[in-house]
Amino acid sequence: DVQLQASGGGLVQAGGSLRLSCAVSGFNYDDYAIGWFRQAPGKEREGVSCISMRDLSTNYADSVKARFTISRGNAKNTVYLRMNSLKPEDTAVYYCAFVHTTVAMTTLIPDEYDYWGQGTLVTVSS
């Protein structure tokens, strides 16, 4: 089975930066995509960013464009989310998720994803 391990969350002041990591195991091909999602207390889970391992195409939610960057690590089984210029409204539990795809896909719809990591908490203080 595919397993994902998210890490890198923490407490940071507004304007600061964090880098989240998602380690993927149990799948040895490039026909998948990894998405980052977040869920704040009392709110629905929302898509933040995703990357297709097929062609490294990416997608971002409007709320994080120009501040967050998703990338694949050199080890290929790790995906990073670099978060700059953090705002208090970025506070949430961040999850990474996996979807097996037959084409390059960069969807931010949570229901499209098959496997989920356990989440890592990001808290941005004002």
Side-chain angles (χ1 to χ4, degrees):
D1 280 354
V2 174
Q3 294 186 333
L4 302 102
Q5 181 73 37
S7 61
L11 173 64
V12 64
Q13 289 188 333
S17 298
L18 282 174
R19 189 181 75 165
L20 305 184
S21 300
C22 178
V24 183
S25 60
F27 197 82
N28 296 319
Y29 304 97
D30 286 339
D31 49 346
Y32 68 95
I34 295 294
W36 282 100
F37 298 82
R38 66 186 181 187
Q39 188 165 19
K43 294 187 177 181
E44 293 187 354
R45 190 169 296 188
E46 63 171 344
V48 174
S49 182
C50 57
I51 184 169
S52 168
M53 295 297 116
R54 282 182 165 267
D55 62 359
L56 301 184
S57 56
T58 60
N59 192 13
Y60 296 91
D62 288 343
S63 59
V64 306
K65 278 181 182 176
R67 298 190 298 124
F68 291 11
T69 302
I70 193 169
S71 61
R72 184 179 71 180
N74 291 333
K76 297 184 68 173
N77 62 342
T78 301
V79 172
Y80 300 105
L81 184 68
R82 177 69 179 183
M83 306 185 296
N84 295 330
S85 303
L86 283 162
K87 305 175 181 179
E89 51 263 45
D90 294 318
T91 295
V93 177
Y94 283 71
Y95 300 87
C96 60
F98 170 105
V99 58
H100 177 212
T101 67
T102 56
V103 296
M105 186 174 77
T106 53
T107 177
L108 294 178
I109 301 173
D111 287 347
E112 299 285 343
Y113 287 78
D114 303 314
Y115 298 92
W116 292 80
Q118 84 290 358
T120 184
L121 176 63
V122 172
T123 303
V124 184
S125 63
S126 57

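Being a predicted model, the structure only gives us computed values, none of them experimental.
- Taking the six-membered ring where tryptophan is involved, the planes of F68 and Y94 are tilted, since the angle between them lies from 30° to 60°.
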Set out, in order, the CA-CA distance, both residues' side-chain angles and the distance that settles side chain to side chain contact (heavy atoms under 4.5 Å, CB included) for M53 and V24, then state yes or no.
CA-CA 12 Å; M53 295 297 116; V24 183; over 6 Å; no
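- Residues T69 and Y60 come closest through the heavy atom pair CA-OH, 3.4 Å.
- Judged by a 6.0 Å distance limit and a 45° cone about the ring axis, R19 is positioned over the six-membered ring of Y80.
- Note that CG of N77 is 9.0 Å distant from CG of N28, once rounded to the nearest 0.5 Å.
- Note: L86 CG to Q13 CD = 11.5 Å, rounded to the nearest 0.5 Å.
- V48 and L20 end up in the same hydrophobic cluster when Ile, Leu, Val, Met, Phe, Trp and Tyr side chains are linked at under 4.5 Å.
- Sorted pairs that involve residues 28-92 and meet disulfide (SG to SG under 2.5 Å), not counting sequence neighbours, are lacking altogether.
- In the hydrophobic clustering of ILVMFWY residues, with side-chain heavy atoms under 4.5 Å counting as a link, V103 and F27 come out apart.
- Sorted pairs that involve residues 106-126 and meet side chain to side chain donor-acceptor pair (under 3.5 Å), not counting sequence neighbours, are lacking altogether.
- Taken from CZ in R82 to CG in L18, the straight-line distance is 8.0 Å, to the nearest 0.5 Å.
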Under the side chain to side chain contact (heavy atoms under 4.5 Å, CB included) criterion, do T102 and D31 qualify, and how do the steps go?
CA-CA 6 Å; T102 56; D31 49 346; 5.8 Å; no
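- Residues A104 and S57 share a closest heavy-atom pair of CB-OG, 4.5 Å.
- For the atom pair CG (L81) and CD1 (I70), the distance works out to 6.0 Å, reported to the nearest 0.5 Å.
- By the 4.0 Å N-to-carboxylate-O rule, D90 lies too far from K87 to be salt-bridged with it.
- When hydrophobic clusters are built by joining Ile, Leu, Val, Met, Phe, Trp and Tyr residues whose side-chain heavy atoms come closer than 4.5 Å, directly or via intermediates, I34 is grouped together with V64.
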Evaluate the criterion side chain to side chain contact (heavy atoms under 4.5 Å, CB included) for residue pair W36 and R38; output intermediate values, then yes/no.
CA-CA 7 Å; W36 282 100; R38 66 186 181 187; over 6 Å; no
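- A single hydrophobic cluster is not seen to contain both F37 and M83; linkage of ILVMFWY side chains at heavy-atom distances under 4.5 Å, directly or through other members, places them apart.
- Atoms CG and NZ, on N59 and K65 in that order, are 7.0 Å from each other to the nearest 0.5 Å.
- With hydrophobic clusters built from ILVMFWY side chains whose heavy atoms lie under 4.5 angstrom apart, Y95 does not share a cluster with Y32.
- For the pair I51 and L56, the minimum side-chain heavy-atom distance is below 4.5 Å.
- Across all their heavy atoms, C96 and A6 have their closest contact at SG-CB, 4.0 Å.
- Side-chain N or O atoms of S52 include none that pairs as donor or acceptor with a backbone N or O of A33 at under 3.5 Å.
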